[in-house]
K.L.:
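Starting off with a structure, shown below.
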Amino acid sequence: MSDKKTLFINNQEVEFTDEKTVLEVIRNNGFNVPTFCDRPELSQFGACRMCVVEQEGRGIQASCTMPPRAGIKIYTHSAKVRKIRKTILELLLANHDRECTTCEKSGQCDLQKYAEEYGIKSIPFPKLKQEEMKPIDCSSPAIVRDPNKCILCGACVRACNEYQGLAVLGFANRGSKTVVQPMNGRCLSDVDCVYCGQCKTVCPTGALTVKNEVDAVWDLVNDPTKKVAVQVAPAVRVALGEMFGMPAGENVIGKIYSAMRKIGFDFVYDTNFAADLTIMEEATEFLDRLKKGENLPLFTSCCQAWVRYVETQHPDMINHLSSCKSPQSMLSSVVKEFLPKLNPEVKAEDLVVVSIMPCTAKKAEIKRDQLKKDGKFDTDYVLTTQEFAQMIKSAGLDLKNLEPEQADSPFGQYTGAATIFGASGGVAEAAARTAYHMVTGEEISSDDIVEMRGVDKNSFDKTVELDIKGTKVKVKVVSTLKEAEKAIQEIKAGTADFQLLEVMACPGGCVNGGGQPVSCTNPELRKQRAEGLYTEDVREVKFRKSHENPDIKKLYDEYLEAPNSHKAHELLHTNYSDLRKGSYKD
């Protein structure tokens, strides 16, 4: 017996099965309606009312909260519906800072897009007066909050709570005085924000944006007294192309190297090199803890939002965190330590490192006091994928038409294990490939541990058991801090049966980072980005395991001696702080 039923959309009979809302049925059948508050993976809220439709015999309904029923007749763009939507837009714009040309979200703003689609050229309501404008919160090292552009859709509130289990943002006051803000109207830097950027990702307007540092990096590039090295993270290569009209998941790393050189960066490196370095250090650290039975499970430390979560919410668990710096910080340390020795033209005091990251939290990471050496931070600036796209465009370059190039040596060669860091489960899989070799002296039977993979909502929590020649190791892989919290509670309750915990704060991992091109209304994009990383791992690199990287071997042979050696610890490892009463300051 078929579960299919039918209803009518704009007089066309369409089928539906298990869709929960009329909005889903509409979208699944080739129609669409505008919406600000609907986000597929978040709870339905029904706040913005832009998705209203007309139901024959029942009048105007919000399609995002309306369950489908057989035989009903829905009209998505009747005269009454269009008039209501247009009025909603006019009211929103009347209470909105409409300085669109200088807004960080201009060109990617849903409010701007719908105003154009509905032909709104004037607003029949008075504009906000200067004295009515609320102060902009620039206190965070990663996120700018502009309440004058907030339309109260609630998407950021739900993302913070439903992805991360935090309540950094919430509704305050009532009626016309309602606002979205941190508790008691505090600044973002004064609350336990982890800077993951998922609030910014789901925000349909310019109310939450990345703290833009493109101009500062341009100043460095154009300063003849500076030598600027740049690195690029794994997940950027499969998302940047989207901002130039290319398909999600297309690997544009060669074009990225080319763009970097044309912009004027002096040295072009790949964070993947340091991802391989991270695996050498972290796998060794894990095996040592496993042998001693101490501080298990080991927590991965690549994700800065996760590290900050442990420091602010569970400082009693800090000893579980790997002492390894993130790949970004490892590469910056290595470049600043060795590039002046390898290249006499480079003076240490004039060397600057910029990183291109899919992540907003990396902007906070580089300000950690633990990542200072001789008074200078490892990494000087972080640009997100979106910021780097802006830089490419302002340089007059079209990414699609650039000829691919290679990264510079010796910090540009990498393996497939490093590339998959960008997807949830990638760090654990890369570590397993190398840990097996370290224990047995042999190679793992298959480089593909597919059980650890998955970036959709159904795979935010995975547990995989590995057999290392008779030694059983359980690895737990989670994305979102809400899932991480469940794992922590298992550990504290004494019921955890895993020895390694990989956590990525962003749903699906770095491919869906807060600095990536927006994908909140289409979770399928992050799957395509992840597939792009796994494709490079299998088909486009010479080596697939970190311990096979010739330049990594050379670095240990000539400088670092061995993984987890004293020299390696000085350069590649860090420590953590109890931040229950502290916070990062800009």
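Side chains are part of it too, since the values below use all heavy atoms of this structure and drop only hydrogens, waters and symmetry mates.
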K.L.:
Run the salt bridge (Lys or Arg N to Asp or Glu O under 4.0 Å) check on Lys336 and Asp374 step by step: do they pass?
P.N.:
CA-CA 12 Å; Lys336 286 194 170 178; Asp374 299 327; over 6 Å; no
K.L.:
Please determine, by modelled atom types, if Asp448 and Tyr534 share a side-chain donor-acceptor pair under 3.5 angstrom.
P.N.:
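Asp448 vs Tyr534: no donor-acceptor pair found between side chains.
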K.L.:
Please list, chain by chain and in numerical order, all residues satisfying ring-ring contact (aromatic ring centres under 6.0 Å, His included) with Phe299, sequence neighbours excluded.
P.N.:
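Listed in chain order: Trp306, His320.
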K.L.:
Do you see a donor-acceptor pair shorter than 3.5 Å between the side chains of Lys362 and Ser355?
P.N.:
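No, no side-chain donor-acceptor contact under 3.5 Å.
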K.L.:
Answer yes or no: is there a donor N or O on one side and an acceptor on the other, between the side chain of Arg580 and the main chain of Pro315, under 3.5 Å?
P.N.:
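It does not hold such a pair.
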K.L.:
I'd like to check the ring-ring contact (aromatic ring centres under 6.0 Å, His included) partners of Phe411; sequence neighbours left out, ordered by chain and number.
P.N.:
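So Phe411 forms a ring-ring contact (aromatic ring centres under 6.0 Å, His included) with Tyr269, Phe273.
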K.L.:
Which value, rounded to the nearest 0.5 Å, describes the distance between Leu277 atom CG and Leu572 atom CG?
P.N.:
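Atom-to-atom, Leu277:CG and Leu572:CG are 5.0 Å apart.
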K.L.:
Could you measure the distance from the OG1 atom of Thr463 to the CE atom of Met452? Nearest 0.5 Å is fine.
P.N.:
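Atom-to-atom, Thr463:OG1 and Met452:CE are 10.0 Å apart.
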K.L.:
Name the residue from Val217, Val214, Val228, Val230 that meets the side chain to side chain contact (heavy atoms under 4.5 Å, CB included) definition with Tyr381.
P.N.:
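Exactly one candidate clears the test, Val217.
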K.L.:
Side chains of Tyr414 and Glu536 only: does a donor on one sit below 3.5 Å from an acceptor on the other?
P.N.:
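Glu536 and Tyr414 do have a side-chain donor-acceptor pair below 3.5 Å.
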K.L.:
Ion pair present between Lys567 and Glu337, side-chain N to carboxylate O less than 4.0 angstrom?
P.N.:
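Answer for the salt bridge query: no.
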K.L.:
Do Glu485 and Tyr309 have side-chain N/O donor and acceptor atoms under 3.5 Å apart?
P.N.:
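Yes, because at least one side-chain N or O of Glu485 sits under 3.5 Å from a partner of the opposite role on Tyr309.
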K.L.:
Does the cation-pi check pass for Arg39 over Tyr163, that is, NZ or CZ under 6.0 Å from the six-membered ring centre and within 45° of its axis?
P.N.:
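The answer is no; the distance or angle limit is not met.
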K.L.:
Is it true that atom NZ of Lys373 has more than 12 heavy atoms of other residues, nucleotides or ligands lying nearer than 6.0 Å?
P.N.:
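Open: at most 12 neighbouring heavy atoms sit under 6.0 Å from NZ of Lys373.
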K.L.:
If only atom types and distance count, is the side chain of Ser140 paired as donor or acceptor with the main-chain N or O of Ser189 below 3.5 Å?
P.N.:
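Absent.
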K.L.:
Are Arg289 and Glu285 close enough for a salt bridge, meaning some N to O gap below 4.0 Å?
P.N.:
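Yes, charged N to carboxylate O under 4.0 Å.
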K.L.:
Testing the 3.5 Å rule here: is there a donor-acceptor pair between the side chains of Gln164 and Gln198?
P.N.:
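Distance-only check fails for Gln164 and Gln198.
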K.L.:
With a 3.5 Å cut-off and no angle check, do the side chains of Glu282 and Thr300 form a donor-acceptor pair?
P.N.:
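Judged by distance alone, the side chains do not pair up.
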K.L.:
Please step through salt bridge (Lys or Arg N to Asp or Glu O under 4.0 Å) for the pair Asp461 and Lys476, ending with a clear verdict.
P.N.:
CA-CA 7 Å; Asp461 176 4; Lys476 192 174 186 67; 3.0 Å; yes
K.L.:
How about CD on Gln406, more than 12 heavy atoms from neighbouring residues, nucleotides or ligands closer than 6.0 Å, or not?
P.N.:
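Not buried by this count: 12 neighbours or fewer within 6.0 Å.
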K.L.:
Can you find a side-chain donor-acceptor pair between Asp276 and Thr415 that sits under 3.5 Å?
P.N.:
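Yes, side-chain donor-acceptor contact under 3.5 Å.
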K.L.:
Counting only heavy atoms not in Lys291 (residues, nucleotides, ligands), do more than 12 fall under 6.0 Å from its NZ?
P.N.:
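Open.
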K.L.:
Any side-chain donor paired with an acceptor under 3.5 Å for Gln231 and Thr271?
P.N.:
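The criterion, which ignores hydrogens and geometry beyond distance, is satisfied for Thr271 and Gln231.
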K.L.:
Under a 4.0 Å N-O cut-off, is there an ion pair linking Lys527 with Glu524?
P.N.:
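A salt bridge links Lys527 with Glu524.
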K.L.:
Give a yes-or-no answer on whether the side chains of Thr385 and Gln516 include a donor-acceptor pair shorter than 3.5 Å.
P.N.:
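Note: Thr385 and Gln516 side chains meet the donor-acceptor criterion.
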K.L.:
Distance check, rounded to the nearest 0.5 Å: Lys200 atom NZ versus Lys211 atom NZ?
P.N.:
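Nearest 0.5 Å value for the NZ-NZ distance: 15.0 Å.
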K.L.:
Please say which of Thr278, Thr574, Asp378 ends up in a side-chain hydrogen bond (donor to acceptor under 3.5 Å, both in side chains) with Lys325.
P.N.:
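So the option named by the test is Asp378.
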K.L.:
Identify whether the distance between the nearest side-chain nitrogen and carboxylate oxygen of Asp288 and Lys292 falls below 4.0 Å.
P.N.:
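Yes, charged N to carboxylate O under 4.0 Å.
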K.L.:
Please list all pairs meeting ring-ring contact (aromatic ring centres under 6.0 Å, His included) that have one or both residues in residues 430-479, counting only residues at least two apart or in different chains.
P.N.:
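Counting only pairs at least two positions apart or across chains, the ring-ring contact (aromatic ring centres under 6.0 Å, His included) contacts touching residues 430-479 are His437-His547.
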K.L.:
Compute whether any side-chain donor of one residue and acceptor of the other, for Ser577 and Gln370, lie under 3.5 angstrom apart.
P.N.:
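There is such a pair between these side chains.
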K.L.:
Ignoring hydrogens and geometry beyond distance, is a side-chain donor-acceptor pair present between Asn549 and Ser546 at under 3.5 Å?
P.N.:
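No, Ser546 and Asn549 have no side-chain donor paired with an acceptor closer than 3.5 Å.
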K.L.:
Picking from Asp537, Asp270, Asn272, what satisfies side-chain hydrogen bond (donor to acceptor under 3.5 Å, both in side chains) with Thr419?
P.N.:
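Running side-chain hydrogen bond (donor to acceptor under 3.5 Å, both in side chains) over Asp537, Asp270, Asn272 with Thr419 returns exactly one hit, Asn272.
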K.L.:
Charged N to carboxylate O under 4.0 angstrom, Glu540 versus Arg237?
P.N.:
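Salt bridge: no.
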K.L.:
Roughly how far, to the nearest 0.5 Å, is the CG atom of Leu500 from the CG atom of Leu298?
P.N.:
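The distance works out to 5.5 Å.
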